[in-house]
K.L.:
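Below: one structure in structure tokens.
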Amino acid sequence: MRALSISIFLLLSHPLIAQLNFPQAFQNCPFEGSVTIYDYGKQRWLFSDSTDALRSTQPASTFKIINLLIALETKTIQDENSIVKWVGSTDTTLYGYRPEIYKDMSVKEAFEVSAGWVFIELAKKIGKTRYLRYLKRCGYGNLNLSEPGDDFWNFGPFGISPKNQVEFLIKVHEGRLPFSKRNLQILKSVMVNERSPNYTLRAKTGWTRVNGQDIGWWVGYVERRDNLYFFATRIVKPRAERHPSFGQCRKDITRTILQQLQAIE
């Protein structure tokens, strides 16, 4: 399995990486995929599979990170509490049946529960011309927005690699993006998944179904007083194979590695 291969160069060059046990992270999750981590303090990349880290696929709902920023910067929404009216129906074949999200909803809630229909409505207002302008300026993804539908981050040729996901998150942290400090702060607040006395974990999940495959993401970063750890985990499986643990494995794999790094408890 590619996810279990570790770069020999990294093992020889960095003693810390030799202590990481990537196979252990995947042992209860029988899926292809990889974990990409950037240790900000030591300025080093950690790859479970350096080849997979450069392979682009649809970002799925992890695109909500930059999508929220673009919606704010273009004033498509005023803030994270802006309400989007329920459109009345959605394609349950593509997005599954989730009656709990079929209601008027704030953008913040839509981000947290991954209500895709809300961001599709925002995308219709933003338009692909403005999307492309921001994606270019941010260095995000392959810039191929030829998908005819509005939901180009789930379907079509638009893609991003795990390494590119992490590079973008580093820019979010450093503020090196064409977005105001206010809007970046709103995003950081909405992204919080977990707080403890020792760290804050900001992240977003993603899951799409294309070309006969399920693609699952978990991307984000852990902020500690003494360091930051940025991560992008992506796993894939054939759609025909049913694995109830697929969604949870995105997080379990990542958390195992972050615990080995002592980034989280």
Side-chain angles (χ1 to χ4, degrees), residues 3 6-7 10-11 13-26 28-29 33-50 53 59 61-62 64-66 68-69 80 108 111-112 114 138-140 160-177 179-206 216-235 248-265:
I6 304 174
S7 168
L10 291 178
L11 281 172
S13 301
H14 302 300
L16 171 64
I17 301 173
Q19 299 171 16
L20 294 181
N21 189 338
F22 286 109
Q24 179 188 29
F26 281 83
N28 295 319
C29 294
S34 65
V35 183
T36 298
I37 291 177
Y38 186 73
D39 180 330
Y40 191 77
K42 295 182 174 62
Q43 298 184 28
R44 61 176 61 166
W45 288 93
L46 315 179
F47 302 105
S48 71
D49 185 331
S50 56
S61 284
T62 65
K64 288 183 174 66
I65 296 172
I66 192 169
L68 177 58
L69 287 170
E80 73 275 30
K108 180 178 186 294
F111 187 99
E112 292 170 345
S114 222
C138 294
Y140 184 105
I160 189 171
S161 69
K163 187 171 185 286
N164 194 182
Q165 291 263 30
V166 169
E167 289 167 340
F168 176 73
L169 290 171
I170 293 170
K171 293 176 186 177
V172 167
H173 167 69
E174 294 179 344
R176 294 187 293 109
L177 291 168
F179 305 111
S180 71
K181 290 182 179 179
R182 168 191 180 266
N183 292 340
L184 286 166
Q185 190 54 49
I186 287 174
L187 171 69
K188 292 175 183 179
S189 175
V190 171
M191 282 184 69
V192 172
N193 281 202
E194 183 179 333
R195 287 190 190 274
S196 84
N198 298 317
Y199 65 86
T200 299
L201 189 157
R202 295 180 169 87
K204 183 71 191 77
T205 56
W217 290 92
W218 200 39
V219 308
Y221 63 101
V222 178
E223 188 173 5
R224 302 183 65 91
R225 279 194 194 135
D226 60 343
N227 203 357
L228 293 96
Y229 300 86
F230 296 83
F231 63 85
T233 297
R234 181 182 60 198
I235 56 176
Q248 185 58 40
C249 271
R250 299 169 293 181
K251 295 184 177 182
D252 290 346
I253 291 167
T254 311
R255 293 185 70 89
T256 297
I257 299 301
L258 291 174
Q259 285 166 355
Q260 290 178 16
L261 288 166
Q262 299 182 334
I264 62 173
E265 282 80 46

K.L.:
Check salt bridge (charged side-chain N to carboxylate O under 4.0 Å, His left out) between Arg255 and all other residues, then give those that pass, not counting sequence neighbours.
P.N.:
Glu194
K.L.:
Are the side chain of Asn164 and the backbone N or O of Gly139 linked by a donor-acceptor pair below 3.5 Å?
P.N.:
yes
K.L.:
Tell me if the CZ atom of Arg182 is crowded by more than 12 foreign heavy atoms within 6.0 Å.
P.N.:
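Enclosed.
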K.L.:
Say you draw a straight line from CD of Glu80 to CD of Glu112; how long is it, rounded to the nearest 0.5 Å?
P.N.:
9.5 Å
K.L.:
Rounded at 0.5 Å granularity, tell me how far CG in Asp49 sits from CZ in Phe26.
P.N.:
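Separation between the atoms: 8.5 Å.
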K.L.:
Taking all non-hydrogen atoms of both residues into account, name the closest pair between Lys64 and Ser114 and its distance.
P.N.:
NZ-OG, 3.6 Å
K.L.:
Which atom names give the shortest non-hydrogen contact between Ala263 and Val222, and what distance separates them?
P.N.:
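Scanning both residues, the minimum pair turns out to be O-CG1, 3.5 Å.
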K.L.:
Parallel, tilted or perpendicular: which one describes the rings of Tyr38 and Tyr40, with boundaries at 30° and 60°?
P.N.:
perpendicular
K.L.:
If you look only at pairs with a residue in residues 160-174, which of them pass as a salt bridge (charged side-chain N to carboxylate O under 4.0 Å, His left out), with sequence neighbours excluded?
P.N.:
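Non-adjacent pairs meeting salt bridge (charged side-chain N to carboxylate O under 4.0 Å, His left out): Lys163-Glu167, Glu174-Arg176.
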K.L.:
Mind jotting down which residue pairs meet the salt bridge (charged side-chain N to carboxylate O under 4.0 Å, His left out) criterion with at least one end in residues 216-227? Sequence neighbours excluded, please.
P.N.:
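Pairs touching residues 216-227 that pass the test: Arg202-Glu223, Arg224-Asp226, Arg224-Glu265.
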K.L.:
Nearest 0.5 angstrom please: Leu187 CG to Leu68 CG, how far?
P.N.:
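If we round to the nearest 0.5 Å, Leu187:CG and Leu68:CG are 5.5 Å apart.
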K.L.:
List for me each residue that meets side chain to side chain donor-acceptor pair (under 3.5 Å) alongside Asn227, sequence neighbours excluded, and say none if there are none.
P.N.:
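With sequence neighbours excluded, Asn227 shows a side chain to side chain donor-acceptor pair (under 3.5 Å) to Asp39, Tyr229, given in chain and number order.
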K.L.:
When you compare the side chain of Thr62 with that of Phe168, does any pair of heavy atoms fall below 4.5 Å?
P.N.:
no
K.L.:
Are any non-hydrogen side-chain atoms of Leu69 and Leu184 less than 4.5 angstrom apart?
P.N.:
yes
K.L.:
Would you name the heavy atoms of Pro59 and Trp217 that are closest together and state the gap between them?
P.N.:
O-CD1, 3.5 Å
K.L.:
Quick one: ring pair (Phe, Tyr, Trp, His ring centres under 6.0 Å) partners of Tyr221, sequence neighbours excluded?
P.N.:
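Residues passing ring pair (Phe, Tyr, Trp, His ring centres under 6.0 Å) with Tyr221: Phe230.
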K.L.:
When you compare the side chain of Leu169 with that of Ile65, does any pair of heavy atoms fall below 4.5 Å?
P.N.:
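They are in contact (side-chain heavy atoms under 4.5 Å apart), so the answer is yes.
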K.L.:
Any side-chain heavy atom of Lys181 sitting closer than 4.5 Å to one from Gln185?
P.N.:
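Answer no - side chains too far apart.
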K.L.:
Which is it for Trp218 and Phe231 under the side chain to side chain contact (heavy atoms under 4.5 Å, CB included) test, yes or no, and what are the steps along the way?
P.N.:
CA-CA 8 Å; Trp218 200 39; Phe231 63 85; 3.7 Å; yes
K.L.:
So do Pro162 and Phe47 actually touch side chain to side chain, heavy atoms under 4.5 Å?
P.N.:
no
K.L.:
Measuring from Ile160:CD1 to Arg234:CZ, what's the distance to the nearest 0.5 Å?
P.N.:
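Those atoms lie 10.0 Å apart.
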K.L.:
Hey, mind stepping through Ser50 and Trp45 against side chain to side chain contact (heavy atoms under 4.5 Å, CB included) and telling me if it holds?
P.N.:
CA-CA 10 Å; Ser50 56; Trp45 288 93; over 6 Å; no
K.L.:
To the nearest 0.5 Å, how far apart are CG in Asn183 and NZ in Lys188?
P.N.:
12.0 Å
K.L.:
Take Gln260 and Gln24 through the side chain to side chain contact (heavy atoms under 4.5 Å, CB included) test and state the conclusion after the steps.
P.N.:
CA-CA 10 Å; Gln260 290 178 16; Gln24 179 188 29; 2.8 Å; yes
K.L.:
Just to verify, which of Ile37, Val35, Leu261 counts as forming a side chain to side chain contact (heavy atoms under 4.5 Å, CB included) with Leu20?
P.N.:
Leu261
K.L.:
Would you check if Cys29 and Arg250 make a side-chain contact, meaning some heavy-atom pair closer than 4.5 Å?
P.N.:
no
K.L.:
Heavy atoms only: give me the nearest Cys249-Ile235 pair and the separation to one decimal.
P.N.:
CB-CD1, 4.0 Å
K.L.:
Under the rule for salt bridge (charged side-chain N to carboxylate O under 4.0 Å, His left out), what residues qualify as partners of Lys251, not counting sequence neighbours?
P.N.:
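With sequence neighbours excluded, Lys251 shows a salt bridge (charged side-chain N to carboxylate O under 4.0 Å, His left out) to no residue whatsoever.
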K.L.:
Compare every heavy atom of Ala203 with every heavy atom of Phe111, then report the nearest pair and how far apart it is.
P.N.:
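Where Phe111 meets Ala203 most closely, the heavy atoms are CE2-O, 4.5 Å.
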K.L.:
Any idea which heavy atoms bring Asn21 and Ile257 closest together, and the distance?
P.N.:
O-CD1, 4.0 Å
K.L.:
When you measure from the side chain of Thr256 to the backbone N and O of Asp252, does any donor-acceptor pair fall under 3.5 Å?
P.N.:
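A pair under 3.5 Å: yes.
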